[in-house]
Student: 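This structure is in C-alpha cells; I'll ask about it shortly.
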Amino acid sequence: MISLLFPGSFDPFTRGHRDIARRASKICDKLYVACMNNSKKHYSFSLEERISMTKISLSEYDNIEVIGSDGLLVDIFKDLGCNAVVRGIRSESDFRYEAEMAMANRMLYPAYDVTLLPCRDDLSLISSSIVKEVASYGGDISRMVPSQIVEQVTDRLRKDGN
Ligand code: COA
C-alpha cells in the first residue's frame, strides 16, 4: 500500500492546494493532508479552523484523510509510515525552497523523501496571501478557494480586516 503525505499551512486551503491533493490521491492508495505550522508565519486561521476548512474542501475524496499537527513534519511522516511527502511547486523559487526543506528533513530522518508536482498553469499565481488580501477588501475569492469555504473565508477575513 502506497501512502503519501501532503503537508502545508493551508491558511486558507486554496483551489491550487485542492488540485495538488486531487492529483496526488490518484497516484497512491491513501493520501494524508496535514495542516501544520510554519514558525515563520502568523496565521489568520487557527490550526483547528484550517483543519476543518481543509476537511470540508476535500470531503468528496474517499482516500484522503485530513489531519493536523503542530510538531515536526518528519515525526508525522515517520508515525504514519508514509512512502513520501507531496508538495506542489509553482515556480523556480518554490523549487529552491522545497529542495532546502527536503535536505533539512532528510538530515532529521534519512528515510524521508519528497515528490514534487508542478501546479496547473491557471492556478500557479494563487497563494493563501493573495486570497487573504482580496477577501479583506471584500473581493470575490470564489475562483481561488473551494466553493465549500468561500463564505467562511470571506466573512471571517472581512470582519477581522486581516
Ligand atoms: N497552489 C497554490 N498555492 C500554493 C500551492 C499550490 N499548489 N502550493 C503552495 N502554495 C502557496 C500557499 O498558499 C502558501 O502561500 P502563502 O505564503 O501566501 O501563505 C505558500 O505557497 C506556501 O505555503 P504552504 O504550501 O502551505 O507551505 P508553508 O511553507 O506555509 O508550510 C510546512 C510548510 C507547514 C509543511 C513546513 O513549515 C513544516 O514542515 N512545518 C512543520 C515544522 C517542521 O517540520 N519544520 C521543519 C521543516 S524543514
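Counting convention: from 1, in listed order, for ligands and their atoms alike.
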Student: Is K41 touching ligand 1 with its side chain, its backbone, both, or neither, if touching means heavy atoms under 4.0 Å apart?
Tutor: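 The answer is the side chain of K41.
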Student: Among all protein heavy atoms, pick the one closest to atom 36 (C) of ligand 1 and tell me residue, atom and distance.
Tutor: M101 SD, 4.1 Å
Student: Identify whether L47 and F6 are in the same connected component of the hydrophobic contact network (ILVMFWY, side-chain heavy atoms under 4.5 Å).
Tutor: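 Cluster IDs for L47 and F6 match.
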Student: Within the 4.5 Å heavy-atom criterion, are Y112 and F77 side-chain neighbours or not?
Tutor: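 Contact flag for Y112/F77 side chains = yes.
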Student: Just need the protein heavy atom nearest to atom 26 (O) of ligand 1, so name the residue and atom and give the distance.
Tutor: S9 N, 2.7 Å
Student: For atom 20 (C) of ligand 1, what's the nearest protein heavy-atom neighbour? Residue, atom name and distance, please.
Tutor: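 The answer is R90 NH2, 3.7 Å.
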Student: Would you confirm whether any non-hydrogen atom of the protein falls under 4.0 Å from atom 32 (C) of ligand 1?
Tutor: no
Student: Counting only heavy atoms, which portion of I20 has something under 4.0 Å from ligand 1: side chain, backbone, both, or neither?
Tutor: side chain
Student: Looking at every non-hydrogen atom in both residues, tell me the closest pair between V153 and I141 and how far apart they are.
Tutor: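 Smallest interatomic distance, heavy atoms only, reads CG1-CD1, 3.6 Å.
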Student: Report, one line per pair, each donor and acceptor closer than 3.5 Å where one atom sits in a side chain of residues 8-20; sequence neighbours left out.
Tutor:
residue, atom, partner, partner atom, Å
S9, OG, Y43, OH, 2.7
D11, OD1, S44, N, 3.4
D11, OD1, F45, N, 3.0
D11, OD2, S44, N, 3.0
D11, OD2, K132, NZ, 2.6
T14, OG1, G16, N, 3.2
T14, OG1, H17, N, 3.1
T14, OG1, H17, ND1, 3.1
R15, NE, S142, O, 3.3
R15, NE, V145, O, 3.1
R15, NH2, S142, O, 3.2
H17, ND1, T14, N, 3.0
D19, OD1, R22, NH2, 2.9
D19, OD2, R23, NH1, 3.0

Student: Go through ligand 1 atom by atom and flag the ones less than 4.0 Å from a non-hydrogen atom of A104.
Tutor: 48 (S)
Student: Which bit of V74 gets closer than 4.0 Å to ligand 1, counting heavy atoms only: side chain, backbone, both or neither?
Tutor: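 Neither part.
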Student: Please state which option from L108, I126, N37, N105 has its nearest heavy atom closest to atom 38 (C) of ligand 1.
Tutor: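 Residue with the shortest heavy-atom distance to the ligand atom: N37.
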Student: Given M107, H17, R87, K40, identify the one with the heavy atom nearest to atom 27 (O) of ligand 1.
Tutor: R87
Student: Give the single entry among L72, D75, L73, D19 that approaches atom 39 (O) of ligand 1 most closely by any heavy atom.
Tutor: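 Looking at heavy atoms only, the winner is L73.
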Student: Record the part of Y97 in heavy-atom contact with ligand 1 below 4.0 Å; permitted values are side chain, backbone, both and neither.
Tutor: side chain
Student: If we ignore hydrogens and angles and just use 3.5 Å, is the side chain of N37 paired with the main-chain N or O of S39 as donor and acceptor?
Tutor: no
Student: Identify, by atom number and element, the atoms of ligand 1 in contact range of T14, meaning under 4.0 Å from any of its heavy atoms.
Tutor: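 Once the distances to T14 are compared, the set is 2 (C).
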Student: What are the atoms of ligand 1, with element, lying closer than 4.0 Å to any heavy atom of G8?
Tutor: 26 (O), 34 (C)
Student: Taking only heavy atoms of S128, which atoms of ligand 1 are found under 4.0 Å from at least one of them?
Tutor: 12 (C), 13 (O), 15 (O), 18 (O), 19 (O)
Student: Would you sort out whether R87 and D94 count as a salt bridge (charged side-chain N to carboxylate O under 4.0 Å, His left out), showing the intermediate values?
Tutor: CA-CA 10 Å; R87 295 277 290 168; D94 274 2; over 6 Å; no
Student: Show the atoms of ligand 1 that are less than 4.0 angstrom away from any heavy atom in M36.
Tutor: 34 (C), 41 (C)
Student: Spell out, as yes or no, whether a donor-acceptor pair under 3.5 Å connects the side chain of N83 to the backbone of S3.
Tutor: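 Flag set: sc N83 to bb S3 pair under 3.5 Å.
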Student: Quick one: which of G71, P7, S44 has a heavy atom closest to atom 42 (C) of ligand 1?
Tutor: G71
Student: What protein heavy atom sits nearest atom 1 (N) of ligand 1, and how far off is it?
Tutor: G16 CA, 3.3 Å
Student: Is it the side chain, the backbone, both or neither of S129 that has a heavy atom closer than 4.0 Å to ligand 1?
Tutor: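 The answer is both, backbone and side chain.
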Student: Any salt bridge between R96 and E100, counting N to O under 4.0 Å?
Tutor: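 Looking at E100 together with R96, the answer is no, because their closest N to O distance does not fall below 4.0 Å.
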Student: Would you mind running through ligand 1 and noting each atom that sits below 4.0 Å from a heavy atom of C119?
Tutor: 6 (C), 7 (N)
Student: For E65, which residues count as a salt bridge (Lys or Arg N to Asp or Glu O under 4.0 Å) partner, sequence neighbours excluded?
Tutor: K30
Student: Measuring only between side-chain heavy atoms, which start at C-beta, is V134 closer than 4.5 Å to D140?
Tutor: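 A side-chain contact is absent here, since even the closest heavy-atom pair is not under 4.5 Å.
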Student: Just by modelled atom types, is the L123 backbone N or O under 3.5 Å from a matching donor or acceptor in the R90 side chain?
Tutor: no
Student: Using a 4.0 Å heavy-atom cut-off, which part of S127 comes near ligand 1: side chain, backbone, both, or neither?
Tutor: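 The answer is both.
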Student: I149 and side chain to side chain contact (heavy atoms under 4.5 Å, CB included): which single residue from E49, R156, M53 fits?
Tutor: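 So the option named by the test is M53.
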Student: Go through ligand 1 atom by atom and flag the ones less than 4.0 Å from a non-hydrogen atom of F10.
Tutor: 26 (O)
Student: Tell me the closest heavy-atom pair linking L116 and V114, and the distance in Å.
Tutor: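 Taking every non-hydrogen atom into account, CD2-CG2, 4.0 Å.
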Student: Check each heavy atom of N38 against ligand 1 and say whether those closer than 4.0 Å belong to the side chain, the backbone, both or neither.
Tutor: both
Student: Between D113 and A84 (side chain of the first, backbone of the second, donor and acceptor by atom type, cut-off under 3.5 Å), is there such a pair?
Tutor: no
